[in-house]
Number of protein chains: 2
Amino acid sequence: MTFSEENYLKTIYHLTTLLDSEISTNAIAEKMETKASSVTDMLKKLSEKNLVNYKKYQGVSLTDKGLHSAKMIVRKHRLWEVFLVDKLDFAWDEVHDIAEQLEHIKSEKLINKLDEFLNFPTEDPHGDPIPNAEGMIVKVEKQLLSELTEKQAGVCVGVKDTSSEFLQYLDKQEIALGSKIEVMSKESFDLSLKIKVGNKELMISNKIAANLFVKKV
Amino acid sequence: MTFSEENYLKTIYHLTTLLDSEISTNAIAEKMETKASSVTDMLKKLSEKNLVNYKKYQGVSLTDKGLHSAKMIVRKHRLWEVFLVDKLDFAWDEVHDIAEQLEHIKSEKLINKLDEFLNFPTEDPHGDPIPNAEGMIVKVEKQLLSELTEKQAGVCVGVKDTSSEFLQYLDKQEIALGSKIEVMSKESFDLSLKIKVGNKELMISNKIAANLFVKKV
DNA sequence: ATAAATTTTTAGACAAAGCTAAAAATTAAA
DNA sequence: TTTAATTTTTAGCTTTGTCTAAAAATTTAT
Ligand SMILES: [Mn+2]
Ligand SMILES: [Mn+2]
Ligand SMILES: [Mn+2]
Ligand SMILES: [Mn+2]
């Protein structure tokens with residue numbers, strides 16, 4: 001499988017986890033910053049290899065084989081991110097681009113030994129689940145901070161947006177995975193929140209809250 | 001730089017360390033198991049980018065820029081090999097193919113952090129030197145076991161042939177980097193050797209001896 | 001239900017990197 | 001020093017993945 005094929009499969013997989021339905025050509029093109037015509041070409045190729053179910057004009061979905069391949073790529077991506085953060089001491093906002101390259105290294109033995117070396121982590125540095133060697137994923141129940149109501153509290157367990165800007169904002173506010181966050185009050189006008197992290201209080205916009213996953217406590 | 005360009009540079013570098021002179025198109029083609037015509041195409045491209053000095057029909061050599069790039073690729077290859085053996089517990093005959101992939105990952109920060117994580121090794125699992133971040137190489141004086149005469153002894157410090165077959169043969173005979181090897185006698189007819197490793201004596205062909213580097217003691 | 005807007009596919013081109021076959025240059029042999 | 005053998009380059013073709021522009025299908029609006 002080429003890097004390009006792998007990137008398409010991964011994109012289709014990610015889009016599927018957001019909207020569980022047939023994925024449109026345009027959605028793929030937008031996410032991959034490429035042209036719809038290129039996507040169509042690739043969908044034909046992936047369909048030929050039985051990695052996707054594709055009927056023209058009807059969108060596309062992953063076959064069992066395609067789903068498994070996609071999960072193995074995601075597994076590699078996230079395990080390498082754990083390696084970079086835990087072992088090489090990278091910050092959580094620096095690892096994605098490198099993992100985009102490392103996820104294409106082909107060696108089952110390598111990834112399984114890496115998994116063992118890292119002590120079989122179930123989540124990556126951004127709180128995303130890591131599929132195991134069989135493709136099984138441990139689902140952690142979590143919700144967006146923006147869904148909590150006043151006086152509710154939760155532990156930060158993940159981020160939706162993984163951009164450097166957002167992650168660095170969280171660093172600046174000393175919000176990390178594991179931080180306990182309490183909703184002090186909610187402004188009905190713009191849905192902004194006053195929250196308490198540790199013993200500090202701060203105001204965050206709804207946009208921030210809608211990109212932080214918490215587990216209610 | 002593409003994977004392909006990097007592989008050509010690395011090959012030219014390796015050939016240069018063997019025969020310090022202009023490298024021929026055919027030599028490159030043979031080593032890379034490709035066609036001479038493909039090599040010519042690539043040499044033009046590398047020359048255009050000022051990575052090699054190329055005059056047609058006159059062979060090729062690396063420019064300073066090309067030499068540095070080649071060394072950085074070799075550095076990555078060998079550091080990843082150390083990682084695989086020391087941290088992930090791979091055998092020394094299993095790591096080359098994986099390192100062939102990993103050497104193309106682009107991130108200076110990654111390779112320098114890996115270097116630190118591994119404690120700045122100067123040699124890879126096969127005894128080959130690892131260029132530092134500036135491209136400097138610590139040369140260890142070593143010679144082939146086949147060059148020793150009767151009664152001389154040395155410590156095994158490297159292998160010339162790094163094929164799985166050869167490395168596994170050494171494993172079977174319990175010869176590893178660091179093993180002390182003593183030449184008991186040498187057969188003048190075929191240059192085969194009777195050697196002592198640890199407290200075991202064994203016979204080895206000249207071909208074996210000509211692929212083992214030792215440091216005289 | 002028809003027209004307009006949007007999405008998706010097709011057709012045709014291009015760059016990268018490889019190949020084969022033929023031509024040109026160099027090197028070795030007679 | 002010619003001729004023969006070898007090496008290297010050129011010319012032309014193929015595949016992969018991309019693009020633009022135009023055509024076709026689908027969806028939305030009137
Ligand atoms: Mn990532
Ligand atoms: Mn991640
Ligand atoms: Mn190697
Ligand atoms: Mn090596």
Side-chain angles (χ1 to χ4, degrees), chain A residues 1-16 18-19 21-62 66 69-70 73 100-101 103-106, chain B residues 1-16 18-19 21-62 66 69-70 73 100-101 103-106:
Chain A
M1 202 155 13
T2 66
F3 284 22
S4 193
E5 291 173 319
E6 292 190 338
N7 284 332
Y8 274 95
L9 283 183
K10 193 180 49 153
T11 299
I12 296 167
Y13 173 76
H14 283 138
L15 290 171
T16 301
L18 299 180
L19 315 101
S21 67
E22 302 296 289
I23 305 302
S24 75
T25 301
N26 258 6
I28 298 168
E30 192 175 348
K31 188 120 183 194
M32 298 189 73
E33 298 183 65
T34 185
K35 302 290 151 150
S37 55
S38 303
V39 175
T40 300
D41 285 347
M42 184 56 86
L43 294 183
K44 284 179 188 164
K45 189 178 169 195
L46 294 175
S47 177
E48 201 55 51
K49 294 190 175 188
N50 272 300
L51 292 161
V52 301
N53 306 116
Y54 170 63
K55 271 189 297 192
K56 43 171 162 167
Y57 291 102
Q58 304 310 136
V60 74
S61 61
L62 294 170
S69 301
I73 300 160
E100 286 288 304
Q101 298 181 61
E103 74 190 4
H104 300 293
I105 301 293
K106 275 138 196 103
Chain B
M1 200 155 14
T2 65
F3 284 23
S4 193
E5 290 173 318
E6 292 190 338
N7 285 332
Y8 275 96
L9 284 182
K10 193 180 49 153
T11 299
I12 297 167
Y13 173 76
H14 283 138
L15 290 171
T16 302
L18 299 181
L19 316 100
S21 68
E22 301 295 288
I23 306 302
S24 74
T25 301
N26 258 6
I28 298 168
E30 192 176 348
K31 188 119 180 194
M32 298 189 72
E33 299 183 67
T34 184
K35 302 292 151 144
S37 54
S38 303
V39 174
T40 300
D41 285 346
M42 183 57 85
L43 293 183
K44 285 178 188 164
K45 189 178 171 193
L46 293 175
S47 178
E48 201 55 51
K49 294 191 176 189
N50 273 298
L51 292 161
V52 301
N53 306 116
Y54 170 63
K55 272 188 299 195
K56 37 173 168 165
Y57 291 104
Q58 304 310 135
V60 75
S61 62
L62 293 170
S69 300
I73 300 160
E100 287 287 306
Q101 299 181 62
E103 72 190 4
H104 300 294
I105 301 294
K106 275 139 197 104

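Computed from a predicted model, the values in this text were never measured in an experiment. Naming: A, B, ... by sequence-line order, numbering from 1 per chain.
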Notebook entry, point to check: Is it the case that more than 12 heavy atoms not belonging to Glu30(A) sit under 6.0 Å from its CD atom?
Noted result: no
Notebook entry, point to check: Contacts to DNA chain D from residues 1-13 of chain A, heavy-atom cutoff under 4.0 Å, which residues?
Noted result: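 Going residue by residue through residues 1-13 of chain A, the ones with a heavy atom under 4.0 Å of DNA chain D turn out to be Thr2(A), Ser4(A), Tyr8(A).
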Next item on the list: Please list residues of residues 27-41 of chain B whose heavy atoms come under 4.0 Å from any atom in DNA chain D, ordered by number; otherwise none.
Entry: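 Residues of residues 27-41 of chain B under 4.0 Å from DNA chain D: Ala36(B), Ser37(B), Thr40(B).
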Notebook entry, point to check: Of all the nucleotides listed (dT8(D), dT18(D), dT9(C)), which has the minimum atom distance to the side chain of Tyr57(B)?
Noted result: dT8(D)
Are the side chains of [Y] and [X] in contact, using a 4.5 Å heavy-atom criterion?
X         : Y        : value
His104(B) : Asn7(B)  : yes
Gln58(B)  : Glu22(B) : no
Tyr8(A)   : Thr34(A) : yes
Leu46(A)  : Val60(A) : no

Does [N] have OP1 or OP2 under 4.0 Å away from a side-chain N or O of [X]?
X        : N       : result
Lys56(A) : dA24(D) : no
Lys44(A) : dT10(C) : yes
Asn26(A) : dT6(C)  : no

Whole-Å distance between [N] [atom2] and [X] [atom1]?
X        : N       : atom1 : atom2 : result
Leu43(B) : dA16(C) : CG    : C1'   : 16 Å
Met42(A) : dT15(D) : CE    : P     : 16 Å
Lys55(B) : dT9(D)  : NZ    : P     : 13 Å

Item checked: Test log, rule side-chain contact (heavy atoms from CB on, under 4.5 Å), inputs Ile23(A) and Thr11(A) -> CA-CA 10 Å; Ile23(A) 305 302; Thr11(A) 299; over 6 Å; no
Margin query: side-chain contact (heavy atoms from CB on, under 4.5 Å) for Met42(A) and Met32(A)? Distances and angles first, verdict last.
Written below: CA-CA 12 Å; Met42(A) 184 56 86; Met32(A) 298 189 73; over 6 Å; no
Kindly list each side-chain donor-acceptor pair under 3.5 angstrom involving residues 48-55 of chain A, sequence neighbours excluded, with atom names and distances?
{"from": "Lys49(A)", "atom 1": "NZ", "to": "Glu5(A)", "atom 2": "OE1", "distance (Å)": "3.3"}
{"from": "Lys49(A)", "atom 1": "NZ", "to": "Glu5(A)", "atom 2": "OE2", "distance (Å)": "2.8"}
{"from": "Asn53(A)", "atom 1": "OD1", "to": "Ser61(A)", "atom 2": "OG", "distance (Å)": "3.2"}

